[in-house]
Structures are given as C-alpha cells and as structure tokens.
Asks: 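Handing you a structure now.
Just so you know, these numbers come straight off a predicted model, no measurement behind them.
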Amino acid sequence: MTQFPETSTPEQANLDAILNSPTYRIAHEDPELMNSNVMRGVRMLLEITKPDLHLETAGIESTIIVFGGARIVDRDTAHQRLKDAEKNFNQDPNSSTLKRKVINAQHLIELSRFYDAARQFAYLASQHGQASKGQGHGCASHVIVTGGGPGIMEAANRGAFDAGCRSIGLNITLPFEQHPNPYITPDLCFKFNYFSLRKFHFVMRSVGAILFPGGFGTLDELFELLTLRQVGTKGRMPIVLFGTEFWTKLVDFDYLAESGLISNDDLALIRFSDTAEEAWEYIQSSTEPVRGQ
C-alpha cells in the first residue's frame, strides 16, 4: 500500500505560525524590534553600558585622549604615495587632478612627523601608566584612547603597542567603512553607532588630551573639550595642541580673547607643544599630585 504524507491540520499550521511570529520572540532577541525607532533609547543605553562594563573589568583607571587627522600616515607610506602620485602624473602631465594628488602627497610627507610624534607620545604615556602591568592584567592609568581608525589614531595605538601596553579604540559606524587599526588591544576596541555616546566615553575616564593636526572631526572634538573645560564640567584636564605653527595659524585664540568672546583666562586652557617629551611632561605634571603633599 502506498503511504502518503499526513496533511497538516489547521491546528498544526496555526501553531507553526505562532512559533514563527515576531511577536513570539524574546524581546532582546528580536532584531526588528531592537533596530526600530522606538527602541533608540535602549540602544543608546546599551552603548553607554557595554564599553563601561568592559573598561571597568579591564581595570582602566584613567585615559589620555589622542585626536588627530585620519589621513596622516607614517613617513615610509607618505614617500611611497608620493612616488605613486608622481608616476601617475608623469603619464598624464596635463591632468590637474593628478597634479593636485602630487601636491597632497608632498604635504603628507611634511605631516608624517606628527605621526611619529603621536607614536612617541603614546609610548611614553603608556610606559608610565602600565610599565609593570603589561597588556593583559591589572589596573592601568593614562591609557591611550583614540578613535580606533587610521592616521594619528593608528600612530597613538601603535605607540602603546610598541611599549607592550594596552590601548583603547572607540570606532564608529560611518557611511564608508572604517576598519580598526591593528594596534588596539582586542578586548578594548568598541564600535559605536552614536557619535554623542562615543564622545561620552572619550571623556568619561580622561585625565588629559592631546590633539594633533586634523580636519573637521579633530576640530569638533577640540572645541567640545574646550567648552567642557571652560564651564568646569571636566575639572582641570590639560589640553595640549601639538604643532604650534599649525594651530596658531588655523585658530586665532588671541583674537577671540581680544574680541571679548572668551576671557583671557580661557587662553590658559590650552598648552601648545612641539615635542612628544614636552607634551608628556606637561600632562604628567598636570595630572599627578606633587610629592609630599
């Protein structure tokens, strides 16, 4: 006798529909719910909580923020890019676009010194705060924290890596993919969706900040830090602008004071520096109590 498969009963079909319905999913396992507009507050709370828990578990006591341009590269890479740009331009010397790329590549060689300085600064700070702890265990102070991407961010994470120490990367979801640089401590690399909450974690444990030449993102972070210092929200955190010629040409802080838009006292919120050693000595002296007090 031929066996035919049993036809599903109406009850069985309805039960299957129940079990497969989005409403039957546990709430936190429902991706459609978690990514909906009404759950934005929950997602923001998660972005506050998750990094904080991991940093607390890792024993991170304090951090130093390093900001700077994502397009600044190390000297070897800069020289190679100039060679490539010149080669392309020589093949089409009438191209204004290729000529511009040669000029940009020449500037990258000049800017590469900031990559080296950021790397050296991070090395000094990391050795001081983690010299006896290493990458894996124990509490740590003055831990380098960056935006986790290329350029100056890579240089700073690389300096900590050179010292055999931990460093933090706070990456962000962008319209174009930004991969973490390979020098961040793996369990201290985080990915954010919200810029505001990423900024929150930059500042939360910070005891100092150093800003190298950069573009809109660097300027955004600079003025936010200065505002927090100006209104007293962030205490006495030292802010170093690395590259005196660049910063004084880019922003005329004295003019702001002369115009009465900021007070003369606000100028003291900024410290200019041109060497990694000088920058580190200033931040160290500003963030640690004087012996004997």
Side-chain angles (χ1 to χ4, degrees), residues 3-67 70 130 133-140 143-151 153-154 156-158 160-161 165-206 216-217 220-221 224 228 233:
Q3 296 290 327
F4 295 96
E6 292 185 10
T7 303
S8 176
T9 65
E11 293 83 354
Q12 183 62 50
N14 196 65
L15 179 58
D16 291 340
I18 291 171
L19 297 177
N20 292 316
S21 172
T23 60
Y24 192 70
R25 297 171 189 160
I26 296 175
H28 68 270
E29 295 179 352
D30 185 346
E32 293 178 5
L33 172 67
M34 293 301 295
N35 289 296
S36 65
N37 288 336
V38 297
M39 296 300 286
R40 183 176 290 114
V42 173
R43 294 197 301 274
M44 295 178 77
L45 179 60
L46 289 171
E47 285 204 357
I48 292 175
T49 306
K50 179 182 176 180
D52 189 36
L53 287 173
H54 283 278
L55 292 171
E56 186 72 25
T57 300
I60 305 300
E61 295 177 336
S62 62
T63 61
I64 296 178
I65 306 168
V66 182
F67 289 130
Q130 305 177 68
K133 283 102 175 177
Q135 284 195 349
H137 306 284
C139 297
V143 179
I144 296 297
V145 57
T146 78
M153 297 174 280
E154 175 189 289
N157 290 123
R158 187 174 181 179
F161 189 87
C165 296
R166 298 182 292 175
S167 69
I168 303 164
L170 306 181
N171 218 296
I172 187 75
T173 302
L174 297 172
F176 48 89
E177 186 64 27
Q178 176 177 298
H179 293 285
N181 69 68
Y183 302 104
I184 306 165
T185 302
D187 61 353
L188 296 179
C189 188
F190 306 93
K191 188 174 184 179
F192 289 83
N193 185 58
Y194 299 104
F195 274 94
S196 59
L197 299 180
R198 182 183 185 227
K199 289 180 177 182
F200 172 85
H201 282 288
F202 270 126
V203 176
M204 186 175 180
R205 289 176 170 79
S206 63
F216 292 155
D220 173 52
E221 301 292 356
E224 179 152 357
L228 292 175
T233 302

Asks: Where is the tightest heavy-atom contact between G149 and N171, given as atom of each residue plus distance?
Replies: N-ND2, 4.3 Å
Asks: Could you walk me through whether N193 and E47 pass the side chain to side chain contact (heavy atoms under 4.5 Å, CB included) check?
Replies: CA-CA 8 Å; N193 185 58; E47 285 204 357; 3.1 Å; yes
Asks: Go through it in stages, so that I can follow the logic: the residues are R166 and I60, the test is side chain to side chain contact (heavy atoms under 4.5 Å, CB included), and I'd like the CA-CA distance, side-chain angles, deciding distance and then a yes or no.
Replies: CA-CA 10 Å; R166 298 182 292 175; I60 305 300; 3.8 Å; yes
Asks: Under the side chain to side chain contact (heavy atoms under 4.5 Å, CB included) test against L188, which residue among L55, L170, N157 passes?
Replies: L55
Asks: Could you go through residues 26-35 and list every donor-acceptor pair under 3.5 Å that involves a side-chain atom there, pairing it with any protein atom two or more places apart or in another chain?
Replies:
unit_1, atom_1, unit_2, atom_2, d
D30, OD1, R25, NH1, 3.2
D30, OD1, E32, N, 3.1
D30, OD1, L33, N, 3.3
N35, ND2, P31, O, 2.8

Asks: Using ring pair (Phe, Tyr, Trp, His ring centres under 6.0 Å) as the criterion, list what pairs up with F200, not counting sequence neighbours.
Replies: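 Residues passing ring pair (Phe, Tyr, Trp, His ring centres under 6.0 Å) with F200: none at all.
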Asks: Quick one: closest heavy-atom pair of A13 and S8, and the distance?
Replies: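 Closest approach of A13 to S8, heavy atoms only: N-OG, 3.6 Å.
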Asks: Measure across L46 and P51 and return the closest heavy-atom pair with its distance rounded to 0.1 Å.
Replies: O-CD, 4.1 Å
Asks: Hey, what do you get for CD (E154) to CD1 (I184), rounding to the nearest 0.5 Å?
Replies: 9.5 Å
Asks: When you compare the side chain of F202 with that of I168, does any pair of heavy atoms fall below 4.5 Å?
Replies: no
Asks: Once the angle between the rings of F192 and H201 is folded into 0 to 90°, is it parallel (under 30°), tilted (30 to 60°) or perpendicular (over 60°)?
Replies: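 Answer is tilted, since the angle falls between 30° and 60°.
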Asks: Should the pair D220-K199 be classified as a salt bridge under the 4.0 Å nitrogen-to-oxygen rule?
Replies: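 Yes.
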Asks: Report the C-alpha separation of I48 and Y194 in whole Å, then their side-chain angles, then the decisive distance to 0.1 Å, and conclude whether the side chain to side chain contact (heavy atoms under 4.5 Å, CB included) test is met.
Replies: CA-CA 10 Å; I48 292 175; Y194 299 104; over 6 Å; no
